[in-house]
Protein chains: 2
Amino acid sequence: MAAKKHSEASGTGLSKQRVVAEAMRLADREGVDGLSMRRLAGALGAGAMSLYHYVASKEELLDAMIDVVFGEIELAPVDTDWQSAMRQRAVSTRQVLARHPWAIGLLESRTSPGPANLRHHEAVTACLRRAGFPVLMATHANWLLDSYVYGFALQEASLPFDTAEEFADMGEEVYLPQLPPDEFPYLNESAAALVAAGYDPAEEFTFGLDLILAALEPLRVSA
Amino acid sequence: MAAKKHSEASGTGLSKQRVVAEAMRLADREGVDGLSMRRLAGALGAGAMSLYHYVASKEELLDAMIDVVFGEIELAPVDTDWQSAMRQRAVSTRQVLARHPWAIGLLESRTSPGPANLRHHEAVTACLRRAGFPVLMATHANWLLDSYVYGFALQEASLPFDTAEEFADMGEEVYLPQLPPDEFPYLNESAAALVAAGYDPAEEFTFGLDLILAALEPLRVSA
DNA sequence: CCGTACACCGTACGACGTACGCTGTACGTA
DNA sequence: TACGTACAGCGTACGTCGTACGGTGTACGG
């Protein structure tokens, strides 16, 4: 038949980067379950099997996608106090994970960290050590902060709404009716208070984050 | 042909409970990817389509599995101080999620909480409110604690080892060689310290948990 | 002008979720 | 006793998935 010099639809020629980038776009738009090699190839104007010249398997593709996600996280800046630095990178992490919700579910199954992941960890550890945390304490702080950020992103991803207004709408129409007040009195109280006060995930996030940062502060050893 | 009175292999007759329980066993043993309707049916001595008399779809099956997981978590006891109660249920949650690692990855995609999940949330909120946390503060505490627990479980699930000894073995043989000391000086320092000190996920967990609980203490309003 | 390498593709296989329609049995009613 | 209905479970089939394998045309070094 006729293979052209290079594929023509949407760009000239494939590459691992282009494949991974398009895969992320697809996953962002349709979720991980909507990402198949065939659909991905289609979006790139290529045949399914062509992708295997750039990734060894779908697993490897997913690993690569995860590492790009880590690459999107802003590294901790070095010219401020440790709390600001950690807050900044935590906020950035949350934003990135909210932008790519599929990434969180993938973290569980992928066991070996990619280069961007390692760089990120190195930068955070460096910041904590330089701030005066002893080695093991820096590890503790790392686990604590990461747990909070990932866990928050996980919970946020499973919320059926994105904004405060959406929540107000849904809360009254969908949630409350499902909660018999006699069986769930406290949940009803909370839900009502939240609808009244308005709800912003970003504020919720910084509350816990600042609390953790403050609690870590006295565990440093130098000034 | 011949349909027997009831299916005969491994028990007499199916039921949603039996289907869900066997699905969890299968997922525990082989991971979520190893759980297919056909394999599950096989394990139950039934045909694939028979399962659809008890669950409307695989999605519903997964939802049911998640809710059973929440049901396995010990509710917060009511006869102790709030910190002990919260610590206990957090520890139980971690144990349960470590026993069913697939559950964590599933949380991301399932948006409406099952009854066991609701009961769990109600119990936790009740405990916090009774301990003197104002309504919105109880919500904050809830998010904070859950984020930590889920995030920790998520990180733990993606570790390639389960015990401290395994870590010591792997750390020296697999991890360190991958980390060029000039590029990742701090990670090397941490890894070395961890191998030397020994590493126990359970201890790591309680460190962060106790830190969070202590930091929440002054936010109560009554004694 | 030829040979080799490369980029890409078509086909095929086994496994997946599940729609649809069929069985044989149990049991209430006459 | 005979029959009707309901139900538990199954067989087959369709479209999709990941991917092994073996092409095929073009580019380029000799």
Side-chain angles (χ1 to χ4, degrees), chain A residues 1-27 29-66 102 105-106 109-110, chain B residues 1-27 29-66 102 105-106 109-110:
Chain A
M1 287 295 118
K4 303 103 207 166
K5 178 167 183 176
H6 278 125
S7 83
E8 60 204 1
S10 52
T12 349
L14 299 179
S15 73
K16 180 157 183 177
Q17 283 189 26
R18 250 168 66 69
V19 169
V20 174
E22 188 61 40
M24 292 181 60
R25 224 178 334 257
L26 234 169
R29 203 158 8 101
E30 325 235 13
V32 218
D33 293 343
L35 171 65
S36 81
M37 298 302 268
R38 281 173 234 258
R39 300 234 286 139
L40 174 56
L44 289 162
M49 292 313 291
S50 306
L51 304 180
Y52 286 88
H53 276 270
Y54 305 98
V55 287
S57 63
K58 192 179 186 181
E59 288 283 290
E60 194 194 284
L61 172 63
L62 295 175
D63 281 338
M65 290 166 68
I66 288 283
W102 45 266
L106 250 39
S109 47
R110 256 105 275 291
Chain B
M1 287 290 119
K4 302 105 206 165
K5 179 168 182 173
H6 277 125
S7 84
E8 58 202 3
S10 50
T12 349
L14 300 179
S15 74
K16 180 157 182 176
Q17 282 189 27
R18 252 168 64 70
V19 168
V20 174
E22 188 62 40
M24 291 181 61
R25 227 182 328 262
L26 234 170
R29 202 157 12 98
E30 325 236 12
V32 218
D33 293 342
L35 170 65
S36 81
M37 298 302 268
R38 282 173 232 257
R39 300 233 287 139
L40 174 55
L44 289 161
M49 291 315 290
S50 306
L51 304 181
Y52 286 89
H53 277 270
Y54 304 98
V55 287
S57 63
K58 192 179 186 181
E59 289 281 291
E60 195 194 283
L61 173 63
L62 296 175
D63 281 338
M65 292 167 65
I66 289 281
W102 45 267
L106 251 38
S109 46
R110 255 107 273 292

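Numbers restart at 1 for each chain; the letters A, B, ... are given by sequence-line order, proteins then strands.
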Taking OP1 and OP2 of C/dC16, is either one under 4.0 Å from a side-chain nitrogen or oxygen of B/S36?
yes

Which of these nucleotides, C/dA19, C/dC16, D/dT19, is closest to any side-chain atom of B/M49?
C/dA19

Report the residue (B/K58 or B/H53) whose heavy-atom-nearest nucleotide on DNA chain C is the more 5′ of the two.
B/K58

Round to the nearest Å and state the distance from A/R18 atom CZ to C/dA7 atom P.
15 Å

To the nearest Å, give me how far apart CG (A/L44) and C1' (C/dA7) are.
14 Å

Show, in sequence, the C-alpha distance, side-chain angles and deciding distance for B/M65 and B/V55, and conclude whether the side-chain contact (heavy atoms from CB on, under 4.5 Å) test is met.
CA-CA 11 Å; B/M65 292 167 65; B/V55 287; over 6 Å; no

Any side-chain to backbone donor/acceptor pair from B/R110 onto B/L62? Under 3.5 Å, distance only.
no

Please step through side-chain contact (heavy atoms from CB on, under 4.5 Å) for the pair A/L51 and A/L61, ending with a clear verdict.
CA-CA 10 Å; A/L51 304 180; A/L61 172 63; over 6 Å; no

Is the count of non-hydrogen atoms from other residues, nucleotides or ligands lying under 6.0 Å from B/Q17 atom CD greater than 12?
no

Heavy atoms only, 4.0 Å cut-off, all strands: where does A/L35 land among base, sugar-phosphate and nothing?
sugar-phosphate

Could you tell me the separation between the CD atom of A/E60 and the C1' atom of D/dG18, rounded to a whole number of Å?
15 Å

Let me know the distance between CG of B/L14 and P of D/dA8, rounded to the nearest Å.
10 Å

Report the distance from atom CZ of A/R38 to atom C1' of C/dC13, rounded to the nearest whole Å.
11 Å

B/Y52 OH to C/dG21 P, straight-line distance once rounded to whole Å:
17 Å

Whole angstroms only, please: what is the CG-C1' distance between B/L40 and C/dC16?
14 Å

Is there a side-chain contact (heavy atoms from CB on, under 4.5 Å) between B/E30 and B/L35 once you walk through the steps?
CA-CA 7 Å; B/E30 325 236 12; B/L35 170 65; over 6 Å; no

By nearest nucleotide on DNA chain D, pick out whichever of A/R39 and A/A56 is the more 5' one.
A/R39

Nearest to the side chain of B/S57, heavy atoms from C-beta on, is which of D/dG18, C/dT18, D/dC10?
C/dT18

Tell me: CG of A/D33 to P of C/dC16, nearest whole Å?
16 Å

Can you tell which of D/dC10, C/dC9, D/dC17 lies closest to the side chain of B/S50?
D/dC10

